[in-house]
Amino acid sequence: MLTSRAPPGAAGCCRRLLAGALAAGLRPLLCVLLPPPCWAAARRAAGQWPNPGLRVPEAAEAERLVQQAPPVPRKGLPFRRFIASPELAGTVQRCLQGGASRGPQPVLLECAPGPGVLTRTLLNAGVRVVALESNPAFLPNLQSLENSLDGQLKVISGDFFRLDPLGCGTLKPPAVCSEKLFDAMGVSAVPWRADVPVKIFGILPQNRERTTLWRLLFSLYECSSIYRYGRIELNFFLSEKEYKVLTAKPGEVSAYQAFSVLWQEGCEIQLLHMEPWSSFVTNLKNGELAVPKSVRLPNNHLCLVRLTPRQNLFTGSLEPTNASTFIYMVKQCFAKPKARLTDRLNSWSLDDTDNVLKALAIQKKAEARHLRPEDYRRVFEALQDSSLFTETWFHDEALESARNINLQI
């Protein structure tokens, strides 16, 4: 007798065929052949979600939601900026999805979504979002939105910018542990050379911009915290002056620093968008913009910057186990930017400095501020291969430097 039961494995095969057809752009055909529930399942299998048709609050409404939250005193300053304009949210959404492949898309972790203007815009664009919010005033609306959707949004209470604080004992909210966060997101670790498993979006806290980026930099090179899970892509709004330092070139006296070298060597840096400070709202009393002053560098905008870890970061002699030494080496070189590299190498008990520089095709008179990021990488690898170089004290100094950075939360 005939039966309507599908053969074993047919359901999984069907899902793979649907996902493959979706990736090939066969949406019209699938819409005809499949009922709506199957079509929605096919999209979810490929990491894409149907447009839930959510209403996005107007700028004035979003600004009221921010102002209704408990205001931050001007002197206390851990204040925050928010996206309130639907137009800006649309721009950010297009930037975040720009260049995406047809295949399954990584989950997007949105840090401090606040009134949820960008959150709803991303959801309407078919993005799977995890919203990490620490302010109790914004959580009820986000959780209500989560409950109205079929798994496309997950809301977690916590502060990304207080992730994995250094210290003992139980974490005190809103601090969060990356292991628990990624477990809640349903994200597992992947090999370093694999595709980006998670995208992160946020607006860096103004009073902790540099400290936050230094902490992430140490985590990147040591493959710790979020980078234990692979090449996590960061998409941050940061001040224009900080972006100028991040992308500075050798010889730019006001901007080129160890910070510049290490981020450029570790990540592909892409400027996605520049937006005036006035486009954002703050939770300060009276809605102050609190634009930071800058004397030497321009600072008229917030810059949306993408930081994608390089696949070939850990090749040659550079490994997560000795990366803190590399970081400290670069920082030591920039302690006196005008000093000659030969003087710095000699101070590290390297007796064969001339031959090392000759082999690297670096001039003896080269100053720290004139070396390219790749030159520092080559110098480090040469030192690692040199039997004359001792790094015992160097390693201890590096660990202390890392600890000091991590304590500044």
Side-chain angles (χ1 to χ4, degrees), residues 47-66 80-102 105-133 138 141-142 145 152-153 160-161 196 198-206 209 213 232-244 246-247 267-283 287 289-292 298-308:
Q48 301 171 14
W49 295 74
N51 184 345
L54 300 172
R55 186 184 73 84
V56 178
E58 294 297 326
E61 181 182 352
E63 188 168 354
R64 281 196 301 272
L65 290 173
V66 171
R80 288 165 49 184
R81 299 185 191 277
F82 302 94
I83 294 176
S85 162
E87 291 74 20
L88 176 56
T91 298
V92 172
Q93 172 260 312
R94 290 188 291 273
C95 288
L96 294 177
Q97 289 192 292
S101 62
R102 288 178 176 267
Q105 299 301 307
V107 63
L108 189 140
L109 175 63
E110 184 186 4
C111 307
V117 175
L118 177 61
T119 311
R120 291 169 176 264
T121 304
L122 291 168
L123 293 170
N124 284 340
V127 180
R128 182 182 167 226
V129 179
V130 175
L132 185 63
E133 177 57 65
F138 297 121
N141 284 337
L142 291 169
L145 184 60
Q152 188 183 357
L153 172 66
F160 177 82
F161 302 110
V196 170
V198 174
K199 293 185 177 185
I200 297 178
F201 169 81
I203 302 175
L204 286 183
Q206 178 178 306
E209 266 191 329
L213 288 171
I232 306 300
E233 177 187 289
L234 303 177
N235 298 269
F236 284 155
F237 267 115
L238 48 92
S239 64
E240 186 176 356
K241 66 175 182 178
E242 203 70 13
Y243 168 71
K244 292 295 184 183
L246 203 66
T247 57
C267 286
E268 297 175 12
I269 303 174
Q270 182 182 1
L271 176 64
L272 302 179
H273 182 67
M274 296 178 70
E275 188 72 21
W277 294 87
S278 57
S279 298
F280 301 82
V281 298
T282 72
N283 60 341
L289 291 180
V291 178
N299 199 36
N300 300 316
H301 302 83
L302 277 170
C303 298
L304 180 56
V305 179
R306 174 173 292 162
L307 301 166
T308 309

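Computed over heavy atoms, backbone and side chain alike; hydrogens, waters and symmetry mates excluded.
- Side chains of Gln105 and Arg128: a donor-acceptor N/O pair is absent below 3.5 angstrom, by distance only.
- In terms of heavy-atom proximity, Gly53 sits nearest to Asn124 at N-OD1, 3.4 Å.
- Side-chain contact between Val305 and Leu272 is absent, with no heavy atoms from C-beta onward closer than 4.5 Å.
- Residue Leu204 holds its CG atom at 11.5 Å from SG of Cys303, rounded to the nearest 0.5 Å.
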**Request:** Would you sort out whether Arg80 and Glu133 count as a salt bridge (Lys or Arg N to Asp or Glu O under 4.0 Å), showing the intermediate values?
**Result:** CA-CA 12 Å; Arg80 288 165 49 184; Glu133 177 57 65; 3.0 Å; yes

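- Using a distance-only test at 3.5 Å, with no hydrogens or angles considered, no donor-acceptor pair links the side chain of Glu110 to the main chain of Val129.
- One N or O on the side chain of Trp277 and one on the backbone of Asn299 form a donor-acceptor pair closer than 3.5 Å.
- What you find for Gly114 and Leu142 is that their closest heavy atoms are O-CD1, 4.2 Å.
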**Message:** Does Leu122 form a side-chain contact (heavy atoms from CB on, under 4.5 Å) with Leu96? I'd like the steps, not just the answer.
**Reply:** CA-CA 9 Å; Leu122 291 168; Leu96 294 177; 4.1 Å; yes

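- Between the NE2 atom of His273 and the CG atom of Asn235 there is a distance of 13.5 Å, given to the nearest 0.5 Å.
- Here Phe138 and Phe82 bring their ring centres to under 6.0 angstrom of each other.
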**Message:** The test is side-chain contact (heavy atoms from CB on, under 4.5 Å); show your working for Phe236 and Leu304 and say whether it passes.
**Reply:** CA-CA 5 Å; Phe236 284 155; Leu304 180 56; 5.8 Å; no

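- Taking CG of Asn283 as the start and CG of Leu65 as the end, the distance is 13.0 Å to the nearest 0.5 Å.
- Between Cys267 and Thr308, every side-chain heavy-atom pair lies at or beyond the 4.5 Å cut-off.
- Side-chain atoms of Glu209 come within 3.5 Å of backbone atoms of Ser239 as a donor-acceptor pair (strictly under, hydrogens ignored).
- Of all heavy-atom pairs between Leu289 and Ser278, the closest is CD1-CA, 3.9 Å.
- Here the CG-CG distance, from Leu238 to Leu246, works out to 6.5 Å after rounding to the nearest 0.5 Å.
- In this structure, Phe280 has its ring center closer than 6.0 angstrom to the ring center of Phe237.
- Looking at Pro292 and Gln206, their side chains come closer than 4.5 Å, going by heavy atoms from C-beta outward.
- The main-chain N or O of Val198 is never found under 3.5 Å from a side-chain atom of Glu233 such that the two would form a donor-acceptor pair.
- For the pair Glu240 (side chain) and His301 (backbone), a donor-acceptor distance under 3.5 Å is present.
- For Glu242, the salt bridge (Lys or Arg N to Asp or Glu O under 4.0 Å) partners are Arg210, not counting sequence neighbours.
- In terms of heavy-atom proximity, Thr282 sits nearest to Val66 at O-CG1, 3.5 Å.
- Rounding to the nearest 0.5 angstrom, the gap separating the CZ atom in Phe160 from the CG atom in Leu132 is 8.5 Å.
- The closest donor-acceptor contact from the side chain of Ser279 to the backbone of Glu275 lies at 3.5 Å or more, if one exists at all.
- Across Pro115 and Ala62, no two heavy atoms sit closer than the pair CB-O, 4.1 Å.
- The two residues Cys95 and Arg306 make their nearest non-hydrogen contact at O-NH2, 3.0 Å.
- Atom-to-atom distance recorded for Ile83:CD1 and Gln93:CD is 11.5 Å, nearest 0.5 angstrom.
- Residues passing the side chain to side chain donor-acceptor pair (under 3.5 Å) test with Glu58: none are found, sequence neighbours excluded.
- By the 4.0 Å N-to-carboxylate-O rule, Glu61 lies close enough to Arg55 to be salt-bridged with it.
- Within 6.0 Å of the NZ atom in Lys199, the count of heavy atoms belonging to other residues, nucleotides or ligands exceeds 12.
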**Verdict with supporting geometry, Val196 and Ile232, side-chain contact (heavy atoms from CB on, under 4.5 Å)** = CA-CA 6 Å; Val196 170; Ile232 306 300; 6.0 Å; no

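- Contact annotation: the side chain of Leu145 approaches that of Leu123 to within less than 4.5 Å [non-hydrogen atoms, C-beta and beyond].
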